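Here the structure is a predicted model, which means the values were calculated and not measured.
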Amino acid sequence: GIQVEQSPPDLILQEGANSTLRCNFSDSVNNLQWFHQNPWGQLINLFYIPSGTKQNGRLSATTVATERYSLLYISSSQTTDSGVYFCAVAVGSNYQLIWGAGTKLIIKP
Amino acid sequence: DAGVIQSPRHEVTEMGQEVTLRCKPISGHDYLFWYRQTMMRGLELLIYFNNNVPIDDSGMPEDRFSAKMPNASFSTLKIQPSEPRDSAVYFCASSLERNTEAFFGQGTRLTVV
């Protein structure tokens, strides 16, 4: 089955810093989503981005489907950005989202 | 729309008791998914419905688990009898179509003691 790898596994930054999170996948996908799981456990949709580039405030994402990776950019980090960032993909006619292991981000004040 | 709504947010129960988790999907979404999240196994798909019909329950761990969707706006996940190893966060999600964006509820944190 498809493999989804996220890097780095952990990231500790000072408030105000920028960061790039990466998601590599081993097959062509027709669904790719980025989620933020906050310290309270909520899964928050960030981007639905099987290809192309999107931006939402301080966050942006790019998926290069032909090269099988996606990047999540966080600029001017805030402490509320702390949590775990997940990438999830689906392939072909398969409905099931396959999840990466996540990147745990800690933003220090 | 208020998003996917789950209840209760937290549930603590004794081993052997029946537990029922509830979910209201986003109006108009044809697909509903139940996931379980644990530290050891991450997020696992338990079952999904299309137009209220269960399509694939291969992720349901045991016969103790059952799920229903009596109408387009309500689904339940039942565990009977519950065991300590069922302790996890259970998420419900819905999507408009099969491979479109999935939206998650706030989850139910289940603790079985």
Same cluster or not: [X] versus [Y], using hydrophobic residues (I, L, V, M, F, W, Y) connected whenever any side-chain heavy atoms lie under 4.5 Å apart?
{"X": "F49(B)", "Y": "I26(B)", "answer": "no"}
{"X": "L110(B)", "Y": "Y35(B)", "answer": "no"}
{"X": "V29(A)", "Y": "Y48(A)", "answer": "no"}
{"X": "V89(A)", "Y": "L46(A)", "answer": "yes"}
{"X": "L11(A)", "Y": "L72(A)", "answer": "yes"}

Max heavy-atom pair count under 4.5 Å with chain A, selected residue of G42(B), A102(B), G105(B) = A102(B)
Is the count of non-hydrogen atoms from other residues, nucleotides or ligands lying under 6.0 Å from R109(B) atom CZ greater than 12?
-> no
Give a yes or no on whether E14(B) atom CD has more than 12 heavy-atom contacts from other residues, nucleotides or ligands under 6.0 Å away.
-> no
Taking atom [atom1] of [X] and atom [atom2] of [Y], what is their separation to the nearest 0.5 Å?
{"X": "L43(B)", "Y": "I98(A)", "atom1": "CG", "atom2": "CD1", "answer": "11.0 Å"}
{"X": "Q96(A)", "Y": "S58(B)", "atom1": "CD", "atom2": "OG", "answer": "7.0 Å"}
{"X": "L43(A)", "Y": "Q37(B)", "atom1": "CG", "atom2": "CD", "answer": "6.0 Å"}

Report which part of [X] has an atom under 4.5 Å of a heavy atom belonging to chain A: side chain, backbone, both, or neither.
{"X": "F103(B)", "value": "both"}
{"X": "A93(B)", "value": "neither"}
{"X": "E44(B)", "value": "neither"}
{"X": "Y31(B)", "value": "neither"}

Does the gap between the ring centers of F91(B) and W99(A) come in under 6.0 Å?
-> no
Are the side chain of N31(A) and the backbone of E101(B) linked by a donor-acceptor contact shorter than 3.5 Å?
-> no
Contact check, side chains of F33(B) and L97(A), non-hydrogen atoms, under 4.5 Å | no
Which residues share a side chain to side chain donor-acceptor pair (under 3.5 Å) with N24(A), sequence neighbours left out | R22(A)
